[in-house]
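Being a predicted model, the structure only gives us computed values, none of them experimental. As the structure lists them, so they are numbered: ligands from 1, and atoms in each ligand from 1.
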Amino acid sequence: MKVFQVQGQWDFEHLQVAERPEPVAGTGQIRLAMRAAALNYRDLLVPLKGYGSRMQDLPLVVLSDGVGVVDQIGPGVAAGLGVAQSQRWCPMLFQGWQGGAPDAQKLSRGLGCETDGTAAEWLLTDPLSAAPVPDYLTDAEAACLPTAGVTAWRALVTDGNVRPGDVVLVQGSGGVALFALQFAKLLGARVIALTSSKAKADRLRELGADEVLNYRETPEWGRPVKALATGWTGRDGVDHVVELGGGDTLAQSLRAVRAGGTVSLIGVLGGNRVDLPLGLVVTRAVRLQGVTVGSRDDFLAMCSAMARVQMRPVVDSVYPFEALHEAMAHLKSGQHFGKVCLSV
Ligand SMILES: NC(=O)c1ccc[n+]([C@@H]2O[C@H](COP(=O)([O-])OP(=O)(O)OC[C@H]3O[C@@H](n4cnc5c(N)ncnc54)[C@H](OP(=O)(O)O)[C@@H]3O)[C@@H](O)[C@H]2O)c1
């Protein structure tokens, strides 16, 4: 089968199409004939060994997101798990995290990092490390769900407990941010979105953002965001921040969030070191909640909420399998709005 793998050496030049033997579903396994994959920011770090010594030795098949059709069911797969030939299933990013709180074991097998990923014609998994996807979604839309979708869902719902009338701040217009915007609106929250682009600001409004600020024109956006939220709710800031910028943004987020509010620490697009006014966290009892994707239960809950309103992930573009490098360059450019996908 055809795969895209890093081979021989950790760098982008050694990320290449290669041939591997066609896998066969063993005991307890299902085989997915992959239809589409989706890129995440992390996939730009993987070829450079960005996740360090925990990563699988080379060769490593890249990408963590994808969807495929069940075309083999191995012996011993229990009928009660609901797997049938020809259904579309997504493998979960963390193979083996079925539900509950994360622990080291549940976070130990991440696709496209600790173990081979989704940029392949076939993928073997087990039914409790994968889940069926709603029929109304296209292959590219379904491929976006396991990482960006589940991360936003876990931040706002499982960990965040966002309620109608809350104010949620989302940063940028990438994959996680747009899922978070859509979920926040689904939950009845108001959304303030940040972006660096005028054209993207219009699209964020079309998607439901109640206010949009340009973080390049207003780099000190913490106080204006706080004032906006306070004007709406009477509380002293936003209830929830979906923190994606990290080093560049966390200090502003702490100015924007209300006392007792939550900052979901998800991304470090602007660096992973930061000089912080910790007093703002302590004296205002702010909750800093680290989020690392989520479980199969999160995925199932998210899909059922999406299906009720036929919510569609925002797909920016779909590249052919062989054009993975071009797809990555597009993601790296920051020109995208939503998810960059790959057909398999
Ligand atoms: N913890 C987890 O489980 C988890 C899961 C998924 C992703 N992540 C992390 O979350 C981050 C976002 O991932 P993604 O895949 O959604 O990325 P992405 O699709 O590549 O999103 C990039 C977008 O973020 C915006 N951005 C960049 N720097 C910013 C800043 N300083 N302030 C505000 N917005 C900024 C830009 O939007 P504009 O063009 O609109 O300015 C940019 O286009 C990454 O750090 C990724 O590693 C973490």
Side-chain angles (χ1 to χ4, degrees), residues 38-46 48 50-51 63-65 92-94 97 102 106-107 110-113 143-156 158-160 169-182 192-205 207 209 212-222 225 241-253 256 263-272 274 288-295 298-299 313-317 327-341:
L39 278 67
N40 290 285
Y41 186 79
R42 79 198 286 269
D43 301 316
L44 300 177
L45 309 178
V46 162
L48 303 172
Y51 291 85
L63 305 189
S64 62
D65 276 349
M92 300 296 100
L93 182 142
F94 285 119
W97 183 4
K106 291 174 183 174
L107 302 181
L111 291 179
C113 186
C144 301
L145 299 174
T147 303
V150 171
T151 301
W153 181 264
R154 186 147 187 117
L156 295 186
T158 316
D159 288 336
L169 173 71
V170 303
Q171 299 175 346
S173 55
V176 177
L178 294 196
F179 270 109
L181 192 169
Q182 289 177 290
I192 302 172
L194 303 175
T195 182
S196 57
S197 143
K198 281 200 175 71
K200 288 182 179 182
D202 293 338
R203 297 186 68 185
L204 286 162
R205 283 196 189 88
L207 207 56
V212 182
L213 270 77
N214 188 310
Y215 62 86
R216 292 239 196 280
E217 288 169 5
T218 314
E220 304 276 314
W221 44 261
V225 166
V241 179
V242 177
E243 176 61 49
L244 301 172
D248 277 355
T249 49
L250 189 52
Q252 292 303 313
S253 296
V263 177
S264 291
L265 289 175
I266 295 174
V268 289
L269 287 165
N272 61 6
V274 63
L288 293 179
Q289 173 69 57
V291 175
T292 184
V293 198
S295 66
D298 292 319
F299 181 93
V314 180
V315 173
D316 171 87
S317 43
M328 285 179 150
H330 182 53
L331 184 73
K332 198 171 178 190
S333 76
Q335 297 302 304
H336 61 293
F337 186 83
K339 296 296 298 178
V340 178
C341 300

Is the closest side-chain heavy-atom distance between [X] and [Y] below 4.5 Å?
{"X": "K339", "Y": "D316", "answer": "no"}
{"X": "V150", "Y": "F94", "answer": "no"}
{"X": "T249", "Y": "E243", "answer": "yes"}
{"X": "L269", "Y": "D248", "answer": "no"}

Between ligand 1 and the protein, which N/O pairs fall short of 3.5 Å?
residue, atom, partner, partner atom, Å
ligand 1, 1 (N), I266, O, 3.0
ligand 1, 1 (N), V291, O, 2.6
ligand 1, 3 (O), V293, N, 2.5
ligand 1, 15 (O), Y41, N, 3.2
ligand 1, 16 (O), G175, N, 3.2
ligand 1, 16 (O), V176, N, 2.9
ligand 1, 19 (O), G175, N, 3.0
ligand 1, 19 (O), H336, NE2, 3.0
ligand 1, 20 (O), H336, NE2, 3.3
ligand 1, 26 (N), Y215, OH, 3.4
ligand 1, 37 (O), S173, N, 3.2
ligand 1, 39 (O), K200, NZ, 2.7
ligand 1, 40 (O), S173, N, 3.2
ligand 1, 40 (O), S173, OG, 2.7
ligand 1, 40 (O), T195, OG1, 2.6
ligand 1, 41 (O), S196, N, 2.9
ligand 1, 41 (O), S196, OG, 2.7
ligand 1, 41 (O), Y215, OH, 2.6
ligand 1, 45 (O), V268, N, 3.1

Taking only residues two or more places apart in sequence, or in another chain, which ones meet S64 in a side chain to side chain donor-acceptor pair (under 3.5 Å)?
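S64 satisfies side chain to side chain donor-acceptor pair (under 3.5 Å) with T147 only.
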Less than 3.5 Å apart, any donor N or O on the side chain of S253 or Q171 sitting next to an acceptor on the other?
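The answer is yes; a qualifying pair exists.
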